[in-house]
Number of protein chains: 2
Amino acid sequence: MPDETEQRLLEAAGRVFADFGFKAATVRKILEEAGIKNIAAVNYYFGDKERLYEATLRFAFQCGLSQMPNPQWPAGYSPECKLREYIRLLAQHMLNQKHPWQMQLLLREFAQPSEAGAGVVRDFILPLNRLLWSILHEAIGPDVDERKLHLIGFSIIGQIFHQKIGAPVIRLVVGENEHDGYTAEVLAEHVADFSLKALGLTAPKEVHS
Amino acid sequence: MPDETEQRLLEAAGRVFADFGFKAATVRKILEEAGIKNIAAVNYYFGDKERLYEATLRFAFQCGLSQMPNPQWPAGYSPECKLREYIRLLAQHMLNQKHPWQMQLLLREFAQPSEAGAGVVRDFILPLNRLLWSILHEAIGPDVDERKLHLIGFSIIGQIFHQKIGAPVIRLVVGENEHDGYTAEVLAEHVADFSLKALGLTAPKEVHS
DNA sequence: CTTGACATAAAACATCCGTTTGCTACTATT
DNA sequence: AATAGTAGCAAACGGATGTTTTATGTCAAG
């Protein structure tokens with residue numbers, strides 16, 4: 001089956017690239033991970049290693065990340081609820097990812113965008129920010145400096161990203177025991193509480209706790 | 001001069017390791033960067049590439065990061081001011097670093113701790129967190145869940161780390177023009193305002209803006 | 001049945017990388 | 001002056017890696 005091997009190649013490449021980075025990931029390791037004995041498969045299907053990487057990036061984007069929120073809320077939905085839900089969606093999407101390598105790969109490009117990934121990352125990050133900005137705009141009011149709006153957005157996203165990117169170190173700092181309790185739901189609720197209060201918004205659903 | 005070359009080797013290794021990561025950084029590239037023609041210098045002074053990496057990590061830590069705050073405030077200093085100052089110190093230290101590769105190297109270990117760097121990173125991150133926790137403890141009161149305290153700390157640190165780690169993407173998102181205005185002072189003030197309000201603390205120095 | 005395109009397999013190639021080795025120059029000690 | 005230790009240098013080695021080439025199998029169209 002022709003395209004089946006190509007698919008396995010992409011998934012295996014995703015895992016290996018995510019684990020080791022572009023340079024440290026070897027073609028032979030990817031092939032072994034994919035269970036393919038044909039050493040020339042990468043060059044046969046993708047030309048060379050670099051184009052395999054680009055394809056893997058695009059694959060990770062289409063497969064797991066373009067399905068992100070873009071939720072359609074009913075008219076009259078309060079901005080507070082929208083914001084809380086946005087945070088919950090983002091946290092769940094980043095932390096409960098079924099295929100962890102997809103997010104790992106994107107985070108690699110996030111910290112050090114390669115030429116290949118700059119466009120892809122921007123296509124993923126920018127809409128995420130635009131949506132958040134529109135919510136914030138609605139929540140705070142129209143008379144806010146645009147730069148302030150951006151900074152608030154980064155403050156919110158930064159809290160979530162930090163929990164994802166820094167997870168290994170955070171685990172060391174608080175101990176495995178406590179860190180196991182850092183589920184997406186717990187983190188989302190904390191970030192939402194923290195951020196909503198920072199914006200001076202009444203926090204809905206704060207009955208419990 | 002013997003130790004001079006060793007020093008140049010360490011600094012060059014720092015830059016190259018920070019730029020390319022451990023695997024992609026080659027010994028020959030480091031030597032070229034250091035202006036050393038002796039190909040065996042790395043092995044001569046450090047044994048092998050890996051021990052050079054460890055030494056570089058330790059060097060980066062001692063040279064630029066152990067000088068971080070640990071400030072001694074006068075008695076009676078309000079927790080609000082302490083917190084605001086802590087944020088400003090951390091932001092300045094992370095963003096205004098004279099030798100960018102030091103922070104870059106640490107951030108690499110932050111996202112993907114190697115065996116060599118786990119201890120070093122923890123020695124750098126943990127005291128930072130302990131100090132912040134003590135401030136928060138003082139600011140909020142003794143009757144706060146410890147886990148909540150940790151989460152608040154990560155929310156604050158996460159905002160700053162995100163601005164550092166994600167700088168390339170953030171620059172793409174908001175444009176170079178606006179991003180050039182994201183100085184350490186501006187970011188610190190925003191993060192402090194945001195976080196202090198989230199904690200329900202009165203924000204000092206908020207007269208301007 | 002033959003042909004030709006496609007997929008797999010395995011060997012081979014050229015390059016790069018970390019490391020080792022042998023050598024030379026210099027310096028301080030005896 | 002002779003010796004030992006240190007530092008720099010360049011060639012070379014062994015191994016890994018990306019890629020190319022050649023050979024083999026598969027299968028549908030003519």
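Given the structure is predicted, the values throughout are model-derived calculations rather than measurements. Chain A is the first sequence line, chain B the second, and so forth, proteins listed ahead of strands; every chain is numbered from 1. The analysis underlying the following values was restricted to heavy atoms, covering all of them including side chains, and did not include hydrogens, waters or symmetry mates.
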Separation of [X] atom [atom1] from [N] atom [atom2], in whole Å?
X	N	atom1	atom2	answer
B:Lys49	D:dG15	NZ	C1'	14 Å
B:Asn43	D:dG8	CG	P	14 Å
B:Glu6	D:dG8	CD	C1'	14 Å
B:Glu50	C:dC17	CD	P	18 Å
B:Phe46	D:dG8	CZ	P	12 Å
A:Tyr45	C:dA5	OH	C1'	13 Å

Under-4.0 Å side-chain N/O to phosphate OP1/OP2 contact, A:Thr5 with C:dA7:
no

Distance check: side-chain N/O of A:Tyr44 vs OP1/OP2 of C:dT8, anything under 4.0 Å?
no

Output the residues of residues 16-41 of chain B in contact with DNA chain C, where contact means a heavy atom of the residue under 4.0 Å from an atom of the strand; sort by number or write none.
B:Ala25, B:Thr26, B:Val27, B:Arg28, B:Ile39, B:Ala40

Can you list the residues that meet the side chain to side chain donor-acceptor pair (under 3.5 Å) rule with [X], with sequence neighbours excluded?
X	answer
B:Gln159	A:Ser155, B:Ser195
B:Lys23	none
B:His162	none

Any pair counted as salt bridge (Lys or Arg N to Asp or Glu O under 4.0 Å), so long as it reaches [range], sequence neighbours left out:
range	result
residues 179-188 of chain A	A:Arg171-A:Asp180
residues 30-57 of chain B	B:Arg15-B:Glu33, B:Asp48-B:Arg51, B:Glu54-B:Arg58
residues 131-140 of chain B	B:Lys82-B:Glu138
residues 156-169 of chain A	none

Should the pair A:Phe22 and A:Phe17 be assigned to parallel (<30°), tilted (30 to 60°) or perpendicular (>60°) ring geometry?
parallel

Fit a plane to each ring of B:Tyr77 and B:Trp73, take the angle between them on a 0 to 90° scale, and name the class: parallel (under 30°), tilted (30 to 60°) or perpendicular (over 60°).
parallel

Distances under 3.5 Å between protein N/O atoms and the N/O atoms of nucleotides 22-28 of chain D, please, pair by pair.
none

